[in-house]
Number of protein chains: 2
Amino acid sequence: MSVAGKAPELTRNQALVHGALVRADGPLSAYEVLDRLREQGFKAPLQVYRALDKLVAFGLVHRLESLNAFVACSHAEGETEEPAAFAICDSCGGVTEFADARITGDLKAWAETDRFSLTGMTIELRGLCAACQTG
Amino acid sequence: MSVAGKAPELTRNQALVHGALVRADGPLSAYEVLDRLREQGFKAPLQVYRALDKLVAFGLVHRLESLNAFVACSHAEGETEEPAAFAICDSCGGVTEFADARITGDLKAWAETDRFSLTGMTIELRGLCAACQTG
DNA sequence: TTACGCTATGTAATAGTATAACATTACAGT
DNA sequence: ACTGTAATGTTATACTATTACATAGCGTAA
C-alpha cells in the first residue's frame, strides 16, 4: 500500500541503500545494510533507517515485519501496486514477493464490512520453498 | 497456525503471563508484561519470553509482528483454529482479531500452487477502527 | 542578496526488543 | 537411585530502532 508517485529521484544515501538491497540475494537487516555501506562512508544506523523510510514510502523497498528486515521490491518500476505479500523460506531465507488481487480484495472487503479504514497491510507466509523440501 | 492440543496446563510463569495479557485491554510488549509481573517476582525478560513462546505455541497468545507485541487470543478454548488475522488501530491501539476462511484459504491455495510448504502466516491490517474515524 | 522554509545529512547517545550461556530445580519413568 | 526432559533463575550481551541536536543544501519570496 505504497504512496509511490512516479519514479522518484533518490538522494545519494537512498540510492546506496537501495543498491545494497538490489544486489543482495535476500532480505537484509538495517544493520547488515549499514555494514555493507561502511566503505561508502556510512557510519550510523540512522543513515540507513532514514533512507529505508523513504524507500519504503516510494514503494521501492518492502519491510518484512516478521524478520525485521528489508527487501528491494521485485516489481518493475511503475508496475501495478497491489499491496505485496511475501513467502519466506525458513530454510534458505529466500523471499518470494507476490501480489494477489483476490487476497487483498478479500482483506479490503473485511475492512469495509468492519468499517475499518485501511492504510496498510502485512501478509507474510512462513514455510519451506519448493527447493528446500526434501521429498 | 498453532499446534494447540487441547487445553494445556500452564506453569506458574505461563499462567502469570497469560493472565497479564488477558487483563490488558490491548497488546503488550514483552517488557510491558515484565513490568506488570515484577510484584509476582519476575525479574528478567527471559522469564517472559519463555512463557510467551509456549503460550504462542499453545495458541493462547498471538504475536503481532508489526508491533513487536503480544495479545491474548480472543477465541474460546478449543475453538476452530483458522490462522488469525488482525486489524490494528493506529489511533487507539486496539486490536480486532478475526479469522476468515476465504482469506486463509486463498493463501493456502497460493502456497499450494507455488509448492511452498506452509507452516505459518502473518496477516495484519493497519488503519483506523470505526470508533476512531471522525466523519 | 538575504531571509526563510524545507529536506537531507552527520553524529552521539539512548531506548526498546530478544537471545546466549550457564547454573539450578523439579519431576516422570525406569 | 539414575536418567532424561522441561522449566526456572540470573547475568550478560546482541540486535533493532529512535531521540536529540548540530549542520548543510537548495528553492523561493521579499
DNA chain D: stems of at least 3 consecutive Watson-Crick or G-U pairs whose donor-acceptor distances fall under 3.5 Å: C:1-30 with D:1-30
Looking only at heavy atoms, which two atoms of [X] and [Y] are closest? And how far apart?
X	Y	answer
B/Cys92	B/Cys129	SG-SG, 3.8 Å
A/Cys73	A/Gly59	CB-O, 3.6 Å
A/Val33	A/Ala20	CG1-CB, 4.4 Å

Residue pairs, two or more places apart or on separate chains, that pass side-chain hydrogen bond (donor to acceptor under 3.5 Å, both in side chains) and touch residues 36-55 of chain A: A/Asp35-A/Arg38
Aromatic ring proximity A/His62/A/Phe70, centre distance under 6.0 Å: no
Span of DNA chain D in contact with chain B (heavy atoms, under 4.0 Å):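 Both ends considered, the range comes out as D/dA7 to D/dT11.
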Taking atom [atom1] of [X] and atom [atom2] of [Y], what is their separation to the nearest 0.5 Å?
X	Y	atom1	atom2	result
B/Phe86	B/Arg63	CZ	CZ	12.0 Å
B/Glu32	B/Leu37	CD	CG	12.0 Å
A/Arg102	B/Leu107	CZ	CG	9.5 Å

From CA spacing to verdict: side chain to side chain contact (heavy atoms under 4.5 Å, CB included), A/Phe98, B/Asp114: CA-CA 11 Å; A/Phe98 63 102; B/Asp114 206 64; over 6 Å; no
B/Ser117 side chain to A/Leu128 backbone, donor-acceptor under 3.5 Å: no
Nearest-angstrom distance from the residue atom CD of A/Gln14 to P of C/dT7: 13 Å
Verdict with supporting geometry, B/Glu65 and B/Thr122, side-chain hydrogen bond (donor to acceptor under 3.5 Å, both in side chains): CA-CA 8 Å; B/Glu65 299 287 356; B/Thr122 297; 4.5 Å; no
Path from A/Leu64 to A/Leu125 over hydrophobic side-chain contacts below 4.5 Å: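 Hydrophobic grouping puts A/Leu64 apart from A/Leu125.
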Show the distances under 3.5 angstrom between N or O atoms of the protein and N or O atoms of nucleotides 24-28 of chain C.
none

Any A/Thr11 side-chain nitrogen or oxygen under 4.0 Å from OP1 or OP2 of C/dT7: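 A/Thr11 to C/dT7 OP1/OP2: no side-chain N or O under 4.0 Å.
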Presence of A/Lys54 side-chain N/O under 4.0 Å of C/dA8 phosphate oxygens OP1/OP2: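 Yes, such a contact exists.
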ring-ring contact (aromatic ring centres under 6.0 Å, His included) against B/Phe42, all qualifying residues, sequence neighbours excluded: none
Contact pattern, 5' to 3', of nucleotides 16-23 of chain C - B, S or - by protein heavy atom under 4.0 Å: -BBBBB--
